[in-house]
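Shown next, in structure tokens, is the structure this report addresses.
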Amino acid sequence: MKTPKQQRTDQLVIGFALFSMFFGAGNIIFPPYLGMGSGSEWGLGFLCYYLADIGIATLAIFALIRNGGEISSITGRIGKIPGEIMLSAIILCIGPFIALPRTGATVQEMFVEPVFGDVSPWLATAVFFLLVMLLTIRESSVVDIIGKILTPALVLGLLILIVTGFISPLGKISDTHMMDNVVVAGINSGYQTMDVLAAMIFGIIIVKNVMEKGYTETHAKYRITRNASLVAAGALLVIYCGLTFLGATVSSTYNLRINRSELLLNITGGLLGHAGVIILGVIVALACLTTAVALVSASADYFSSLSKRKLKYKLLVVLICIFSAVVSNFGLDKIVSLASPVLSLVYPGALTLIILSLFRDRIPNLVFKAAFLGSLLGSLCEILYGYGLPLVFVTKMPLYSIGCGWLLWSICFGIVGTVAGRARRK
């Protein structure tokens, strides 16, 4: 039995490890843009962003604990094949389709352009993903060493930036907001970080780490993970709130036509000068490198396992890096724009499974399947309406105004599944 002091130490260590996993370099581009677009309502935008990001991500980790730390125990509740499809969609989102190309685009826009000037994006992303490929195929302790140094360096740099911005704001916060709906914008920005999807993968690592430290009983795992999550959530609260505020201070200077990386660079330059821009660019580039290595490795390993090792790990690493390098050249804002409908379809299903998995012993598989199907149909109708199809009825759904109209679909289908299950048992 560990002493209370040892338990507190474990909670801090695991909490900072979880913070490092969630705090990807790409995440820092969303809060300033949200703050700028929200103007005087930046606090509301931040709150919605934070809850849609870290709030639900923490629930995902708890759901994993309830299911023995295995993500397949969650996705498998809707059936073997649908579960594998859902898990594949999650891996593709946090891998080659969205998150990986975003690391390459972030390096190009926040490091290569400010430091080296006019360099071909194709050349920059090719070099970046070649380095990622080499580090992923041949495991190197260099990545771990850089990662351990980078997180504190990035956090320290951002804290200096935030404190400077609080002491000497760059401008007056606009009395109006530029975004149509600050709540929806905050929620969508939280979705775009993909921390909720990543938590379903990162949570496996955290749960194993907790158990390796000797906390094997369910109650102990919950307590340690809960407290560690609060440590990570508290640190992210400070960083994200500060960055959102910095964006709000330039809401009278810029408009929504500025891209996210340019906005952060302009804020950094205005507060810390060109030297600050270069230092931030270097740290972000190295952080993107370690993030990309982890994502490529996880994606290649998953699809190799899914194919029963018929697709070799090294071949998948090469293919994923090539594909990601090509998509990176769409540019950061274009990737974010293209990702929006994909995440709007994947997230509701993932959230439904996460919430139901918290009560796994009380809910039969039929309810999981029905509620999951409802969430997919509801979100698909909203997406199609957004693209011009005359599905006006979706606008009448409760919570549609905050982007959660699919929730009623999920609840109604879940109720039908419950009734059908009881009728079957009779």
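Atoms considered below: every heavy atom in the structure, side chains included; atoms not considered: hydrogens, waters and symmetry mates.
A distance of 11.0 Å separates OG1 in Thr125 from CG in Leu130, rounded to the nearest 0.5 Å. To the nearest 0.5 Å, atom CD1 of residue Ile162 and atom CG of residue Leu243 are 4.5 Å apart. To the nearest 0.5 Å, the span separating CG on Asn329 from CH2 on Trp122 amounts to 4.5 Å. Rounded to the nearest 0.5 angstrom, Ile320 CD1 and Ile91 CD1 are separated by 9.5 Å. To the nearest 0.5 Å, the span separating OG1 on Thr225 from CG on Leu230 amounts to 11.0 Å. Note that the CG atom of Leu18 and the CG atom of Leu236 stand 8.0 Å from one another [nearest 0.5 Å].
Proximity of a side-chain donor or acceptor of Arg77 to a complementary backbone N or O of Ile363 within less than 3.5 Å is detected. With Tyr33 contributing its side chain and Leu256 its backbone, the two residues share a donor-acceptor pair below 3.5 Å. The main-chain N or O of Phe372 is found under 3.5 Å from a side-chain atom of Ser375 such that the two form a donor-acceptor pair. Between the side chain of Asp195 and the backbone N or O of Ile54, no donor-acceptor pair lies under 3.5 Å. Looking only at distances, a side-chain donor or acceptor of Glu382 sits under 3.5 Å from a matching main-chain atom of Trp406. When atom types are taken as modelled, the side chain of Ser304 and the backbone of Leu311 share a donor-acceptor pair closer than 3.5 angstrom. Looking only at distances, a side-chain donor or acceptor of Ser251 sits under 3.5 Å from a matching main-chain atom of Ser174. A donor-acceptor distance shorter than 3.5 angstrom exists from the side chain of Ser328 to the backbone of Pro101, with no hydrogens or angles considered. A side-chain donor-acceptor contact under 3.5 Å links Tyr347 to the backbone of Tyr191. A donor-acceptor pair under 3.5 Å is formed between the side chain of Thr290 and the backbone N or O of Ala287.
Between Ala63 and Ser357, the shortest heavy-atom contact is CB-CB, 4.0 Å. The two atoms that bring Gly414 and Val367 nearest to each other are O-CG1, 3.9 Å, heavy atoms only. Looking at every heavy atom in both residues, Ser38 comes nearest to His177 through O-CB, 3.1 Å. Of all the heavy atoms in Met36 and Met178, the pair that sits closest is O-CE, 3.1 Å. In terms of heavy atoms, Ile224 sits closest to Gln11 at CD1-NE2, 3.3 Å. Looking at every heavy atom in both residues, Pro114 comes nearest to Phe111 through CD-O, 3.4 Å.
Under the salt bridge (Lys or Arg N to Asp or Glu O under 4.0 Å) criterion, the residue pairs touching residues 258-267 are Arg260-Asp333, with sequence neighbours excluded. Applying the salt bridge (Lys or Arg N to Asp or Glu O under 4.0 Å) test to pairs two or more places apart or on separate chains, those with a residue in residues 286-307 are Asp301-Arg309.
Under the 4.5 Å side-chain criterion, counting only non-hydrogen atoms from C-beta, Leu338 is not in contact with Val327. Proximity of Phe128 to Cys321: side-chain heavy atoms (C-beta onward) are nowhere separated by under 4.5 Å. Two residues are said to be in side-chain contact when any heavy atoms from C-beta on lie closer than 4.5 Å; Leu280 and Leu158 meet this criterion. Residues Phe393 and Cys381 have side chains in contact (heavy-atom distance under 4.5 Å, counting atoms from C-beta outward). The shortest side-chain heavy-atom distance between Phe303 and Ser88 falls under the 4.5 Å cut-off. Side-chain contact between Cys48 and Val182: absent, with no pair of heavy atoms (C-beta onward) separated by less than 4.5 Å. The shortest distance between side-chain heavy atoms of Tyr50 and Thr244 does not fall below 4.5 Å. Between Tyr49 and Thr193, the closest side-chain pair of non-hydrogen atoms falls below 4.5 Å.
Under the ring pair (Phe, Tyr, Trp, His ring centres under 6.0 Å) criterion, Phe16 pairs with no residue at all, not counting sequence neighbours. Under the rule for a side chain to side chain donor-acceptor pair (under 3.5 Å), the partners of Tyr240 that lie at least two apart in sequence or sit in another chain are Asn27. By the ring pair (Phe, Tyr, Trp, His ring centres under 6.0 Å) test, Phe368 is found to be paired with no residue, residues two or more places apart in sequence or in another chain being considered. Residues satisfying the ring pair (Phe, Tyr, Trp, His ring centres under 6.0 Å) criterion with Phe413, sequence neighbours excluded, are absent altogether.
Around atom CG of Asn255, more than 12 heavy atoms belonging to other residues, nucleotides or ligands sit under 6.0 Å away.
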Note to self: Using side-chain contact (heavy atoms from CB on, under 4.5 Å), reason through Val132 and Thr103 one step at a time and then give a plain yes or no.
What the structure shows: CA-CA 11 Å; Val132 170; Thr103 61; over 6 Å; no

key: Test side-chain contact (heavy atoms from CB on, under 4.5 Å) applied to Val238 and Leu159, step by step   = CA-CA 9 Å; Val238 174; Leu159 285 176; 4.2 Å; yes

Leu358 vs Leu59, side-chain contact (heavy atoms from CB on, under 4.5 Å): CA-CA, chis, key distance, verdict: CA-CA 8 Å; Leu358 292 170; Leu59 286 181; 4.1 Å; yes

The test is side-chain contact (heavy atoms from CB on, under 4.5 Å); show your working for Phe19 and Val231 and say whether it passes. CA-CA 8 Å; Phe19 169 83; Val231 171; over 6 Å; no

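Checked options Ile355, Leu399, Thr352, Leu351; the residue passing with Leu407 is Leu399 (criterion: side chain to side chain contact (heavy atoms under 4.5 Å, CB included)).
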